[in-house]
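Every chain is numbered from 1, with letters handed out A, B, ... down the list of sequences. In what follows, every heavy atom counts, from backbone to side chain, and hydrogens, waters and symmetry copies are set aside.
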Amino acid sequence: MVESGERPWLEQLNPEQREAATHAGGPLLILAGAGTGKTTTLCARVAHLVSEGVPSERILLVTFTRRAAREMLQRSRAHVPASARVLGGTFHSVAHRLVRRHAAALGLPGGFGVLDAGDAADVLDLLREEAGHAKSRTRFPKKGTLLDIYSRTVNAQQPLSGVIAEHFPWCEDHRDPISALFKAYTARKRELGVLDLDDLLLFWRALARDDVIGPRMASAFDHVLVDEYQDVNGLQVDLVRGLAAYGPEITAVGDDFQAIYGFRSASATHILDFPEHFPGTRVVTLERNYRSTQPVLDAANVLAAQAVRAFPKRLAAQREGGARPGVVFVRDEGAQAEEVCNRVLEAREQGMDLRAQAVLMRTSHDSDLLELELTRRRVPFVKYGGLRYLEAAHVKDFIALLRLADNGADAIAWFRVLQLVEGVGPVSARRAIAAMTGDVDAEAAAPDRLAAWPVARESLPANAREAADALINALIAARAERRPGPRAEGLRDALAPLVKLRYPDGAIRLMDLDQLVAAAHQARDARHFVAELVLDPPSSSADLAQPPHLDEDYLTLSTIHSAKGLEWDSVHVLAVYDGNFPACMAAGTSESIEEERRLLYVGMTRARRALTLYVPVRYFHRPRGNDDAHGYGKPSRFLTDEVLATCAVTRMPDDPLSPYGGPISGRKIDVSPDSLFD
DNA sequence: ATACGACGGTTTTTT
DNA sequence: ACCGTCGTAT
């Protein structure tokens, strides 16, 4: 036991936080508003538990991202070095660890692969084509939609018909074929020896339900702490309850007003139901905000008050002073880019590092023009969210090769890799794969598909065979090499000429591969390297780049989803117009509108001192098109008069509406050509 | 028969 | 960046 005087991590806490950190006996729910020291409290709780004698390896900390896990474990360790062995990660990474350990019981090969969303969609696409849906005249849902439907069904644990009726009504006609397709999908993954991200959770739950493995798995822990509980889905709740059934005490932390992952089947109802699911729950509410100044919170509180249903909560600032948030009307997205740039640079002149500033947006392409402008003015920036590394074609090519080195049965990877060779398209690739997987008779006994290559290569056009052989030889060499670094290096070298040939900017793309090779050198186990990459994807190009970047000053650009849990001195939110906030895609149900409001709230509450919202008045219908089709947008419906009253509103001189002296209230003018249409 | 480049229309958010 | 389609080259 440590004397209280030696526990600075507890003394920094306010009474509510301390109560949460030191709570003992029974489930605990911490309702923590934005900026109320949620992470501090959770880290203090971990430190407290360890200092009370709980062995650190018997504590499981489930977070929303791996980055959050790393950060928290680091902080806990700084308080109490004995926290070093706390097990931390996302639901998916914990699942991967558990499923790996019990792979045999689950009937999985030891080196089972993990499909990322792109790979999973490719498998579905293949089945879609095999079933003849690609050629049929009625439009069948595309792979991305299929994956969305599938994922929602699994994660919400809701029957397919209900999911389609509720969220994908336009697919109603195809319900039965979709159902058949999903069954084929399950079977195909088995054949390929792979799991998708949803499977990881399903397999974890299957383990939890086993009479022998379930209790043993749960009893490995004394405490399970779950962060961001407002964003868990039904399946994840099952997992937590499955653990709780056999002993560990559960702590959940979250804020129902920051629930922004409904599209992933998360629902804030779970955090509200927590006391029911875990009888005897102690609820602690944190409302003292240490992040933002009061004017920022005033605007956020007024926005939050619009919510139809929410836990009443009012954040109170502990910081002094501060300026009202700005709402800036600009002409269009071009003017917005210029204005943001100006303001960011001006702030830097005043002594605010770029690193203390961030630009946040609804969708990742909202920053397209800004990125051009920043590049033009040589302002360094790093972007989070949106298109990620693993989604770039050449990176996928490389990953497919790495997968094949682990698992020759992965036909999806074969399909991709073979088509890299010039002269090989979908048809001959498929033929070669069929030859390798052998129609049960010839090659069924051969566990290594590479053995069938001499036959398979005959299915390729003669002039492509030599280049394909080179790839195969690289794969054979890679298999003999167990160290992940050299293995990746060999495959990179084999891929390099093909990448250079295929992409005009091949040289740049090769640098991306070099970063992956560097990451592979750090990896412990070649077989898990790809799976871990999928579970902890580098979220920006900077993530893989090595330290030199860290010394530099750079601006952060991020989707609001990716900015969750983070904070900056100054925050700019782009494109706060109706159609974007809320997104027009979300206009369907009132709950999705509510979620959009919460999204704006999350964006606004990232700001410590300065917050600026931008409303482009004119926007282009086709941002990528070169025509000039545009419309005049309305400001976001969330920017009500009440919200605007808490802000300082600016109209830029070139705002087309401003020469008329700004809006005049009290007038109602109808403009309608409708009589022409009678 | 197959591969591949060109073109026009679309693209939310992510473990 | 992706998808589907179409025309041309092998």
Side-chain angles (χ1 to χ4, degrees), chain A residues 62-69 89-96 114-118 120-122 125 128-129 134-135 139-140 142-145 147-148 151 154-155 196-201 228 231-233 235-236 259-266 360-366 368 384-388 390-394 396 419 421-431 459-464 502-503 531-537 539 558-564 575 579-588 592 595-596 598-600 602-603 621-627:
Chain A
V62 182
T63 56
F64 201 70
T65 62
R66 292 263 281 230
R67 188 175 53 174
T90 60
F91 276 101
H92 291 89
S93 71
V94 172
H96 186 232
V114 177
L115 303 179
D116 67 14
D122 285 345
D125 203 35
R128 179 180 183 268
E129 202 169 297
K135 291 233 161 61
R139 274 203 343 238
F140 196 76
K142 289 192 274 190
K143 61 178 182 180
T145 312
L147 184 62
D148 286 347
S151 207
V154 170
N155 282 292
D196 64 24
L197 290 165
D198 301 326
D199 286 332
L200 286 172
L201 302 185
E228 309 279 12
D231 284 320
V232 297
N233 60 41
L235 188 48
Q236 291 164 330
I260 53 175
Y261 278 89
F263 67 93
R264 236 167 64 180
S265 309
L360 306 182
M361 56 267 177
R362 173 69 183 82
T363 70
S364 96
H365 66 245
D366 286 332
D368 288 352
Y384 291 90
L387 257 196
R388 278 167 307 285
L390 301 190
E391 288 166 43
H394 57 294
K396 285 206 261 189
Q419 287 184 86
V421 178
E422 201 163 10
V424 180
V427 177
S428 47
R430 195 162 290 148
R431 266 203 296 263
S459 342
L460 304 182
N463 56 1
R502 174 158 303 243
Y503 308 99
E532 276 165 14
L533 208 56
V534 169
L535 293 171
D536 187 19
S539 51
S558 176
T559 59
I560 294 179
H561 284 93
S562 300
K564 180 153 127 163
N580 208 34
F581 278 107
C584 46
M585 309 287 282
S592 61
E595 180 154 317
E596 298 286 307
R598 296 192 294 260
L599 196 58
L600 182 57
V602 169
H621 293 308
R622 279 180 289 278
R624 288 175 189 284
N626 35 13
D627 62 357

Over how many whole Å does the gap from [X] atom [atom1] to [N] atom [atom2] extend?
X: A:E422; N: B:dT2; atom1: CD; atom2: P; answer: 19 Å
X: A:Q236; N: B:dT15; atom1: CD; atom2: C1'; answer: 8 Å
X: A:K142; N: B:dT10; atom1: NZ; atom2: C1'; answer: 7 Å
X: A:L390; N: B:dT15; atom1: CG; atom2: P; answer: 10 Å
X: A:N155; N: B:dT15; atom1: CG; atom2: P; answer: 13 Å
X: A:L197; N: B:dT14; atom1: CG; atom2: C1'; answer: 10 Å

Practice item. Output the single nucleotide from B:dC4, B:dA3, B:dT14 whose closest atom is nearest the side chain of A:V427. Key: B:dA3

Study note, to complete from the structure: Judged by nearest nucleotide, the residue sitting upstream toward the 5' end of DNA chain B, A:H92 or A:V421, is A:V421

Point to revise | Face-on cation placement of A:R67 at A:Y384 ring, 6.0 Å and 45° thresholds | key: yes

Review point. What residues form a side-chain contact (heavy atoms from CB on, under 4.5 Å) with A:A68, not counting sequence neighbours?
Key: A:T63, A:T65

Practice item. Give one of base, sugar-phosphate or nothing for A:S428, where a contact means two heavy atoms less than 4.0 Å apart. Key: sugar-phosphate

Review point. Does the side-chain ring of A:F263 sit on the six-membered ring of the B:dT13 base, less than 5.5 Å centre to centre and under 30° in tilt?
Key: yes

Exercise for review: Please answer whether the main-chain N or O of A:S93 pairs with a side-chain N or O of A:R66 as donor and acceptor at a distance below 3.5 Å.
Suggested key: no

